[in-house]
Asker: 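Please find one structure pasted underneath; my questions will follow.
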Amino acid sequence: MLERHLQETYEYLFDTAHRALKEGGSFAPFGAGIRKTGEQIHTNVDLPIDRSAPQDHISGLIAGFRLDEKENGLIAAGLVFDGRARSDDAAALCFHLEVANGQAVEVIVPYARRTAEQIAFDDPQVSEVQPEIFSDLN
């Protein structure tokens, strides 16, 4: 059951990030989650892009997820940013996804821009990582 929520969160983040890339390039990190009620949420951090780094957004997203978990209860949560693949430094969508039982994965999806609106994605690289969103809860 939790794996399904992880997959749904990944698909939502991927589709939204893909749309943002097609609309004009890069984007600030953002997140999504599924509450215990089944409600899907979208979240971002309102920071000035010219004076903030992606890590500032990511830290804010994680803090927001922890607060949402405390107030509403989350089953799954994740975030995405436009970054680089470690293997070859190619442009990549970088995901961090977790479920409430503490399972966490990193998904790196390298991509190449063919035209302004056409993006070719490579195979995802998936690895288990330490939880950061639900880490204090288990």
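Please read all numbers here as calculations on a predicted model, not as lab measurements.
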Asker: Of the non-hydrogen atoms in A76 and V99, which two are nearest, and what is the gap between them?
Answerer: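 Closest approach of A76 to V99: CB-CG1, 4.0 Å.
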Asker: Nearest 0.5 Å, what's the CD1-OG1 distance between I75 and T9?
Answerer: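 Answer rounded to 0.5 Å: 9.0 Å.
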Asker: Should I119 and K22 count as side-chain neighbours, where that means a heavy-atom distance under 4.5 Å?
Answerer: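 Contact flag for I119/K22 side chains = yes.
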Asker: Within the structure provided, determine whether V109 and D122 are in side-chain contact (heavy-atom separation under 4.5 Å).
Answerer: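 No, too far: nothing below the 4.5 Å cut-off.
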Asker: Are side-chain heavy atoms of P29 and L61 found at a separation under 4.5 Å?
Answerer: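 P29 vs L61: side chains touch.
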Asker: Between E8 and R4, is there a side-chain N and carboxylate O pair less than 4.0 Å apart?
Answerer: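 Result for this pair is yes, salt bridge flagged.
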Asker: Do other residues, nucleotides or ligands put more than 12 heavy atoms under 6.0 Å from the CG atom of D46?
Answerer: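 12 or below, so no.
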Asker: Under a 3.5 Å distance rule, please check whether R66 uses its side chain to pair with a backbone N or O of S135 as donor and acceptor.
Answerer: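 No: the side chain of R66 does not pair with the backbone of S135.
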Asker: Run the ring pair (Phe, Tyr, Trp, His ring centres under 6.0 Å) check on F134 and F65 step by step: do they pass?
Answerer: CA-CA 9 Å; F134 296 106; F65 284 135; 8.1 Å; no
Asker: For a 4.5 angstrom cut-off between non-hydrogen side-chain atoms, does I58 reach L79?
Answerer: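 Yes, close enough: below the 4.5 Å cut-off.
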Asker: Using the ring pair (Phe, Tyr, Trp, His ring centres under 6.0 Å) rule, take H96 and F81 through it: C-alpha gap first, then chi angles, then the decisive distance, then the call.
Answerer: CA-CA 9 Å; H96 177 88; F81 60 94; 9.7 Å; no
Asker: When the ring centroid of Y111 is compared with that of H18, is the distance short of 6.0 Å?
Answerer: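 No, ring centres 6.0 Å or more apart.
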Asker: Could you tell me whether R113 atom CZ has more than 12 heavy atoms of other residues or ligands within 6.0 Å of it?
Answerer: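 More than 12 heavy atoms, drawn from other residues, nucleotides or ligands, come within 6.0 Å of this atom.
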Asker: Quick check on the hydrophobic clustering: are V126 and V129 connected, directly or via other members, by side-chain heavy-atom contacts under 4.5 Å?
Answerer: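 Different clusters: V126 never reaches V129 through Ile, Leu, Val, Met, Phe, Trp or Tyr contacts under 4.5 Å.
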Asker: Using a 3.5 Å distance criterion without hydrogens, assess whether the side chain of E98 forms a donor-acceptor pair with backbone atoms of P131.
Answerer: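 Side chain of E98 to backbone of P131, a donor-acceptor pair under 3.5 Å: no, none is there.
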Asker: Going by the rule side chain to side chain contact (heavy atoms under 4.5 Å, CB included), which residues pair with T115 if we only count those two or more places apart in sequence or in a different chain?
Answerer: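 Once residues adjacent in sequence are excluded, the partners of T115 under the side chain to side chain contact (heavy atoms under 4.5 Å, CB included) criterion are Q118.
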Asker: With side chains defined as the heavy atoms from C-beta onward, is the minimum distance between I34 and E39 less than 4.5 Å?
Answerer: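 No - every pair of side-chain heavy atoms lies 4.5 Å or more apart.
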Asker: Tell me whether E71 is salt-bridged to R35, with the criterion being a basic N under 4.0 Å from an acidic carboxylate O.
Answerer: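 No salt bridge links E71 with R35.
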Asker: What do the steps show when you test H57 against F30 for side chain to side chain contact (heavy atoms under 4.5 Å, CB included), and what is the final call?
Answerer: CA-CA 8 Å; H57 289 264; F30 64 91; over 6 Å; no
Asker: Is L21 close to L93 at the side-chain level, that is, under 4.5 Å between some pair of heavy atoms?
Answerer: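 Yes, their side chains come closer than 4.5 Å.
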Asker: Could you pull out the closest heavy-atom pair between Q125 and S87, with the gap in Å?
Answerer: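 Here Q125 and S87 meet closest at NE2-OG, 3.9 Å.
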Asker: If we ignore angles and hydrogens, is there a donor and acceptor under 3.5 Å between the side chains of E3 and Q7?
Answerer: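 Distance-only check fails for E3 and Q7.
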Asker: Any idea which heavy atoms bring P110 and D123 closest together, and the distance?
Answerer: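 Looking at all heavy atoms of both residues, the shortest contact is CD-O, 3.8 Å.
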Asker: Applying side chain to side chain contact (heavy atoms under 4.5 Å, CB included), can you list everything that pairs with S59, at least two apart in sequence or on another chain?
Answerer: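 For S59 the side chain to side chain contact (heavy atoms under 4.5 Å, CB included) partners, ignoring immediate neighbours, are Q55.
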Asker: From T16 OG1 over to N44 CG, what is the distance, rounded to the nearest 0.5 angstrom?
Answerer: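 It is 11.5 Å, given to the nearest 0.5 Å.
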Asker: Test of understanding: with ring-ring contact (aromatic ring centres under 6.0 Å, His included), list the residues that count as partners of F95, not counting sequence neighbours.
Answerer: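 Expected list: Y10.
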Asker: Taking all non-hydrogen atoms of both residues, which atom of L97 and which atom of G78 are closest, and how far apart?
Answerer: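 Closest pair (atom of L97, atom of G78, distance): CD2-CA, 4.0 Å.
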